[in-house]
Amino acid sequence: MRKTALITGATSGIGRATAFELAKHDINLILCGRRQERLDTISQALEKYTNVHSLNFDVRDKNAIHEAIESLPSDFSTIDILVNNAGNAHGKDPIQTGSTDDWDAMMDINVKGLLYVSRAVIPKMVERNVGHIINIGSVAGKEVYPNGNVYCASKHAVDAINQGMRMDLNQHGIRVGAVNPGLVQTEFSEVRFKGDTQLASTVYEGFKALQAEDIAKIIHFVVSMPTHVNISDLTVFPTAQASSTILNRN
Ligand code: NDP
Ligand code: 8X3
């Protein structure tokens with residue numbers, strides 16, 4: 001029987017690429033995001049591969065998440081795989097001048113949003129003693145870099161939540177693991193720099209960044225392992241990157 005995966009942040013970047021990768025491997029999909037037009041376009045493109053249902057909610061809105069999960073049609077209501085991917089950096093300022101609105105956005109989306117979606121999905125996994133959760137962390141959850149302050153804090157929180165989830169869900173046979181990418185060329189930097197596409201493009205100049213499809217293939221690899229194998233924590237850099245602060249630009 002086909003598995004069903006719910007992917008948050010499926011309208012762009014890593015989430016969208018993961019939707020295509022899992023669809024091509026016969027996994028039913030629940031695609032989540034706030035931009036309905038994109039959800040519609042992506043769903044249409046994937047319908048030739050698999051069954052797709054989309055849910056429009058902001059991960060900051062716990063009531064909307066709960067209602068959306070409760071509203072799932074019976075064909076989609078058994079979620080086998082949860083990809084907690086929605087998130088972004090907002091701003092890249094030193095702590096003394098950082099925007100408290102940016103800080104709220106990062107903590108509310110990257111940390112609390114991930115928790116709210118997980119809280120809505122996990123109980124049914126626990127009832128069935130079946131499930132696989134992939135938390136998209138970051139190298140920023142393993143190291144801190146200058147001006148990364150609160151984004152790094154949010155991803156360190158994801159790292160801790162990933163470990164805690166694995167412990168609590170261990171007795172239920174639910175697999176939990178994180179995929180922690182280095183620099184991936186997506187809309188991430190456009191969001192971080194508030195639509196300044198020129199500044200955003202400089203982030204990926206002079207080296208070959210990871211592509212969203214690279215991470216999607218890794219996520220498929222993780223979920224396709226036999227059920228006795230749990231990839232708990234995986235960090236992936238572009239070859240040109242050795243750490244958050246060491247990047248070989250030519
Ligand atoms: P993108 O900006 O391309 O995609 C972000 C996705 O998150 C979009 O689909 C967006 O959908 C969704 N999202 C953002 N805010 C919300 C919200 N409040 N409610 C619901 N959905 C939301 O970035 P990436 O694909 O690069 O990022 C995906 C994940 O990967 C993030 O968690 C990021 O931290 C992580 N990551 C990225 C790296 C990179 O270098 N790009 C490296 C390491 C980790 P919509 O706007 O439609 O709601
Ligand atoms: C995204 C990668 O280096 O911009 O998590 O923090 S980085």
Side-chain angles (χ1 to χ4, degrees), residues 6-20 31-43 54-62 64-65 68 83-92 102 104-114 116-117 134-159 161-162 178-195 197 199-200 202-204 207 209-216 218-219 234-238 240-247:
L6 184 148
I7 305 171
T8 65
T11 56
S12 175
I14 294 170
R16 177 169 53 192
T18 302
F20 277 86
L31 306 181
C32 308
R34 293 166 300 176
R35 287 170 284 183
Q36 189 60 46
E37 218 178 284
R38 287 194 182 200
L39 286 172
D40 292 342
T41 311
I42 296 164
S43 299
S54 70
L55 294 176
N56 186 326
F57 57 76
D58 187 319
V59 296
R60 286 172 285 198
D61 185 342
K62 56 187 157 197
I65 294 168
V83 183
N84 272 322
N85 164 74
N88 278 115
H90 293 268
K92 197 177 180 191
D102 283 346
D104 284 343
M106 290 185 279
M107 299 312 280
D108 289 349
I109 298 168
N110 302 355
V111 184
K112 289 163 69 182
L114 180 148
Y116 294 158
V117 173
I134 315 294
N135 295 309
I136 305 303
S138 170
V139 62
K142 302 289 182 184
E143 306 170 33
V144 179
Y145 55 86
N147 302 335
N149 44 63
V150 178
Y151 178 66
C152 295
S154 76
K155 288 298 182 177
H156 274 70
V158 172
D159 188 40
I161 292 164
N162 180 60
V179 174
N180 304 301
L183 289 159
V184 191
Q185 194 162 8
T186 62
E187 292 174 18
F188 179 86
S189 292
E190 278 178 54
V191 175
R192 173 171 241 175
F193 298 122
K194 305 179 193 310
T197 48
L199 179 57
T202 63
V203 174
Y204 311 107
F207 74 104
L210 291 167
Q211 304 298 298
E213 292 72 19
D214 300 324
I215 305 302
I218 289 167
I219 292 170
L234 189 157
T235 297
V236 53
F237 285 118
Q241 186 178 15
S243 73
S244 283
T245 50
I246 300 175
L247 185 59

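Indexing begins at 1, ligand by ligand and atom by atom, following the structure's order. The structure displayed is predicted, hence computed values, not measured ones.
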Heavy-atom proximity to atom 41 (N) of ligand 1, picking from L31, I42, D108, V184, points to V184

Side chain to side chain contact (heavy atoms under 4.5 Å, CB included) filter on A157, not counting sequence neighbours, yields V111

Find out whether V117 and F57 are in side-chain contact, i.e. whether some heavy atom of one side chain is under 4.5 Å from a heavy atom of the other. yes

Atom 42 (C) of ligand 1: closest protein heavy atom, distance to 0.1 Å, is G182 O, 3.0 Å

Per-atom filter on ligand 1: closer than 4.0 angstrom to a heavy atom of L183 are 40 (O)

In short, V139 meets G182 closest at the heavy-atom pair CG1-CA, 3.8 Å

Numbered in order shown, the ligand 1 atoms found under 4.0 Å of a heavy atom of S12 are 1 (P), 3 (O), 4 (O), 8 (C), 9 (O)

Here the atoms of ligand 1 under 4.0 Å from any heavy atom belonging to G13 are 3 (O), 25 (O)

Nearest non-hydrogen protein atom to atom 27 (O) of ligand 1, with distance, is G87 O, 3.9 Å

Only one of L114, N135, N84 passes side chain to side chain contact (heavy atoms under 4.5 Å, CB included) with N162, and that residue is N135

Ligand 1 atoms nearer than 4.0 angstrom to some heavy atom of D58 are 17 (C), 18 (N), 19 (N)

(message) Taking the six-membered ring for Trp, are F188 and Y151 closer than 6.0 Å centroid to centroid?
(response) yes

Logged contact type for R16 with ligand 1, heavy-atom cut-off 4.0 Å, is neither

In terms of heavy-atom contacts, P181 and G137 come closest through CD-O, 3.6 Å

Donor-acceptor pair, side chain of K155 and main chain of E143, under 3.5 angstrom: no

Next item on the list: For K62, look at atom NZ and say whether over 12 heavy atoms of other residues, nucleotides or ligands are found less than 6.0 Å away.
Entry: no

The reported gap from OG in S154 to CE in M106 (rounded to nearest 0.5 angstrom) is 6.5 Å

Here the gap from I109 atom CD1 to D104 atom CG, rounded to the nearest 0.5 Å, amounts to 10.0 Å

Please say whether G33 places an N or O atom under 3.5 Å from an N or O atom belonging to ligand 1. no

Please state whether A17 comes within less than 4.0 angstrom of ligand 1, counting heavy atoms only. no

From the list T18, T11, T8, L39, side chain to side chain contact (heavy atoms under 4.5 Å, CB included) with L31 holds only for L39

The closest protein heavy-atom partner of atom 21 (N) of ligand 1 is A86 CB, 3.7 Å

Value for CD1 (I218) from CD1 (I134), rounded to nearest 0.5 Å, stands at 11.5 Å

among protein heavy atoms, the one nearest atom 19 (N) of ligand 1 is V59 N, 3.0 Å

for atom 43 (C) of ligand 1, nearest protein heavy atom and its distance come out as P181 O, 3.2 Å

In terms of heavy-atom contacts, H156 and A140 come closest through ND1-O, 3.0 Å

Near E187 (heavy-atom distance under 4.0 Å), the atoms of ligand 1 are 2 (O), 3 (O)

The answer for which part of Y151 has a heavy atom under 4.0 Å from ligand 1 is side chain

Between F207 and P238, the two heavy atoms sitting closest are CE1-CG, 4.1 Å

Nitrogen or oxygen contacts under 3.5 Å, ligand 2 side and protein side:
residue  : atom  : partner : partner atom : Å
ligand 2 : 5 (O) : S138    : OG           : 2.6
ligand 2 : 5 (O) : Y151    : OH           : 2.6
ligand 2 : 6 (O) : Y145    : OH           : 2.6

The option among N85, V179, N56, I136 carrying the non-hydrogen atom nearest to atom 32 (O) of ligand 1 is N85

Among non-hydrogen protein atoms, atom 44 (C) of ligand 1 lies closest to G137 O, 3.2 Å

Closest heavy-atom approach to atom 13 (N) of ligand 1 among R60, M106, R34 is made by R34

Closest to atom 2 (O) of ligand 1 among protein heavy atoms sits N88 ND2, 3.0 Å

Rounded to the nearest 0.5 Å, the CD atom of Q36 sits from the OG atom of S43 at a distance of 8.0 Å

dist L55:CG -> I65:CD1 (nearest 0.5 Å) comes out at 10.5 Å

Counting heavy atoms under 4.0 Å, the part of K155 that contacts ligand 1 is side chain

Value for CD1 (I14) from CD (Q211), rounded to nearest 0.5 Å, stands at 11.0 Å

**Study point:** Whether A209 lies under 4.0 Å from ligand 1, heavy atom
**Key:** no

_Check this for me, if you would: do R34 and D61 make a salt bridge, where the nitrogen-to-carboxylate-oxygen distance has to be below 4.0 angstrom?_
no

Heteroatom distance test (G9, ligand 1): nitrogen or oxygen, under 3.5 angstrom: yes

T8 touching ligand 1 at heavy-atom level, < 4.0 angstrom = no

When distances are taken from atom 24 (P) of ligand 1, the protein heavy atom at minimum range is T186 OG1, 3.5 Å

One finds that the ligand 1 atoms under 4.0 Å from a non-hydrogen atom of I14 are 25 (O), 30 (O)

Among N84, T11, I7, V139, closest by heavy atom to atom 9 (O) of ligand 1 is T11

| message | Quick one: does any side-chain atom of N85 pair with a main-chain N or O of G9 as donor and acceptor, under 3.5 Å? | response | yes

